[in-house]
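Just so it is clear, the structure is predicted and the values come from calculations on it, not from any experiment. Position 1 is the first residue of the sequence; numbering continues from there.
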Amino acid sequence: MSAPQPQDRTASPFKQPRAVWAVAFACVISFMGIGLVDPILPALADSLHASPSQVSLLFSSYLIVTAVATIFVGWVSSRVGAKRTLVIGLTVIVVFSALAGCTGSIDGIVGFRAGWGLGNAMFIATSLAVIVASASGGFGGAIILYETALGLGIAVGPLLGGLLGGLSWRGPFFGVAALMTIALVATVTLVPPAPKPEHATSPLAPLKALRHRSLLTMGIVALMYNWGFFTMLGYAPYPMELDAFHLGLVFTAWGLLVAVFSVFGASRLRARFGTAKALYGNLAALGVIMLVIAAFVDEPTVVITAVIVSGACIGINNTLTTQAVMLVAPVERPVASSAYGFLRFIGGGIAPYVAGKLADAAGLSLPFYLGAASFILAIPVLATGHRMLARAEADGDDTQPVGPRLTAVGEPAPAGAAPVVVAVGSHGEAATIVEAAARLALEAGSPLEIVHIQQTVVVEEQATGTETAEQARATVTAHLDRAFAHGLVASGRILTGIGDHAAAGRVLARHAGEIGARAVAVGRSPRGPVAQFADGSFTSALTHAATCDVLLVETDAAPTRLTRAALTELRGRAA
């Protein structure tokens with residue numbers, strides 16, 4: 001809806017600059033990081049004469065350092081810029097993954113994994129923003145590429161870990177170091193420097209943000225969810241009784257479901273049931289899966305099946321929880337992301353350590369029972385914020401972290417008038433669409449309202465804005481000048497959207513209903529069919545949700561035209 005650059009209607013989302021491909025490749029390797037070690041956990045225990053609880057510290061050190069680093073990454077990035085933060089993160093990952101492969105003790109690996117976690121926090125916090133900023137074919141294509149990188153990393157990580165782990169437990173660590181070195185060189189040479197933010201972020205801002213009940217509630221839900229998730233990830237390999245290669249296959253199947261359902265499942269469940277209800281059902285399903293693992297921990301086939309199936313729930317939960325945080329957070333998006341990331345990684349870091357102690361004392365079932373309890377207890381915690389989350393969605397996917405829900409541009413429309421609303425992006429055909437809508441408003445004797453949606457996209461557990469407030473305002477102002485040239489009474493609005501393009505369509509439909517719009521005029525999507533399938537259809541969602549006429553503006557080589565039947569009907573109503 002608000003692409004930063006013009007793009008061809010049939011353009012492939014994979015036609016991107018080399019800078020985007022460089023960061024996307026690095027994303028694939030980075031997303032391999034956690035799943036890569038799962039297939040070698042039993043091998044590490046055997047080779048280094050360590051107990052499962054000692055091996056579990058690989059997760060704890062990695063995630064706790066990631067949690068603490070998440071608080072300060074925004075502060076670092078605001079001072080040195082996104083590219084430098086990205087390069088520093090990649091360098092740290094290369095160094096510490098190689099050192100982990102060189103060490104000969106479990107304590108050494110645990111320590112070097114902590115350093116790896118620091119680099120990963122710096123990389124993940126900035127990679128999505130850098131991809132969006134570097135994209136020339138529209139941010140929609142860049143998001144699809146990021147989603148593809150995420151899916152490949154999550155799915156291929158365990159498989160690569162299994163293949164390399166079959167040779168030696170050191171293999172996955174050296175493999176990451178080698179691949180990340182390639183990504184580092186590509187990022188340094190191909191990614192252009194990014195401008196620093198206008199305002200530096202305070203290093204304490206994320207912690208201060210947790211004083212807000214809405215953000216704290218969602219953070220605690222994420223902490224409890226990640227407790228169960230990383231208990232499963234850290235301890236499920238042991239009762240499976242498989243070698244490294246076959247463990248890799250199991251977690252590859254799991255990772256495929258995580259990737260697919262985070263992209264395709266979460267948005268559809270949210271549209272059908274709402275965020276809160278979808279999360280209730282998903283957390284309950286995860287609790288049942290963990291109870292099955294705990295009850296049948298001595299049955300490898302049951303454990304394997306349950307872990308693979310859980311991938312669908314994990315993918316849905318990652319995306320929905322992040323969207324919920326963006327909806328309710330009363331602070332700026334980067335600060336909300338850091339505060340939320342701190343709590344969720346803390347939960348993931350402590351859980352494997354506690355699970356190890358429980359497993360040593362009472363067997364493998366108890367950690368899984370505790371994990372099931374953490375999933376289920378997250379439901380009443382979420383319920384304490386149900387009204388808050390429902391109100392945020394009722395106000396729209398357009399809840400804005402700071403400031404008013406709607407941003408006015410120019411003079412307001414006359415009170416009581418039923419305007420014609422035209423949705424504009426910054427793609428090449430927007431001017432033609434506004435021209436057609438202006439003529440329609442003149443025919444109907446209505447004011448014109450030009451609406452632009454400033455989106456925050458969510459991909460799994462990452463969120464980023466697609467443009468600045470200044471860019472959004474410039475887009476609306478340019479089209480207002482065009483409307484004034486027709487002698488029209490016109491006003492501008494900027495709405496904010498959280499989620500995919502379908503969510504943006506519902507935002508516009510809700511706004512049109514609130515102001516009593518006579519009609520909404522839109523153009524055909526400038527995104528290709530692949531992008532629309534992956535990221536939802538703006539026009540379809542708008543059409544289904546709107547309570548007024550939705551008019552499709554054709555912008556082919558012939559003179560611009562409106563759907564004739566709808567135009568005739570609108571003229572009749574105006575008369």
- Anything under 30° is parallel, anything over 60° is perpendicular, the rest tilted; go ahead and classify F173 against W169. perpendicular
- Message: Using 30° and 60° as the class boundaries, would you call the ring planes of Y62 and W116 parallel, tilted or perpendicular?
- Response: perpendicular
Verify, without hydrogens or angle tests, whether [X] (side chain) and [Y] (backbone) share a donor-acceptor contact under 3.5 angstrom.
X    : Y    : value
T252 : L159 : yes
N226 : F229 : no
R170 : T103 : yes
T126 : T85  : no
S97  : I93  : yes
S60  : G349 : yes

- Task: Count the heavy atoms of every other residue, nucleotide or ligand shown that sit under 6.0 Å from CZ of F25, and state whether that count exceeds 12.
- Result: yes
- Can you name the residues that form a ring pair (Phe, Tyr, Trp, His ring centres under 6.0 Å) with Y369, not counting sequence neighbours? none
- Message: Test of understanding: with ring pair (Phe, Tyr, Trp, His ring centres under 6.0 Å), list the residues that count as partners of H544, not counting sequence neighbours.
- Response: none
- With the side chain counted from C-beta on, respond yes when R113 and I109 share a heavy-atom pair under 4.5 Å apart, and no when they do not.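 Yes - at least one pair of side-chain heavy atoms lies under 4.5 Å apart.
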- Using side chain to side chain donor-acceptor pair (under 3.5 Å) as the criterion, point out the one residue from N282, T321, N318 that pairs with Y225. N318
- Sorted by chain and number, sequence neighbours left out, side chain to side chain contact (heavy atoms under 4.5 Å, CB included) with V94 holds for M180, T181
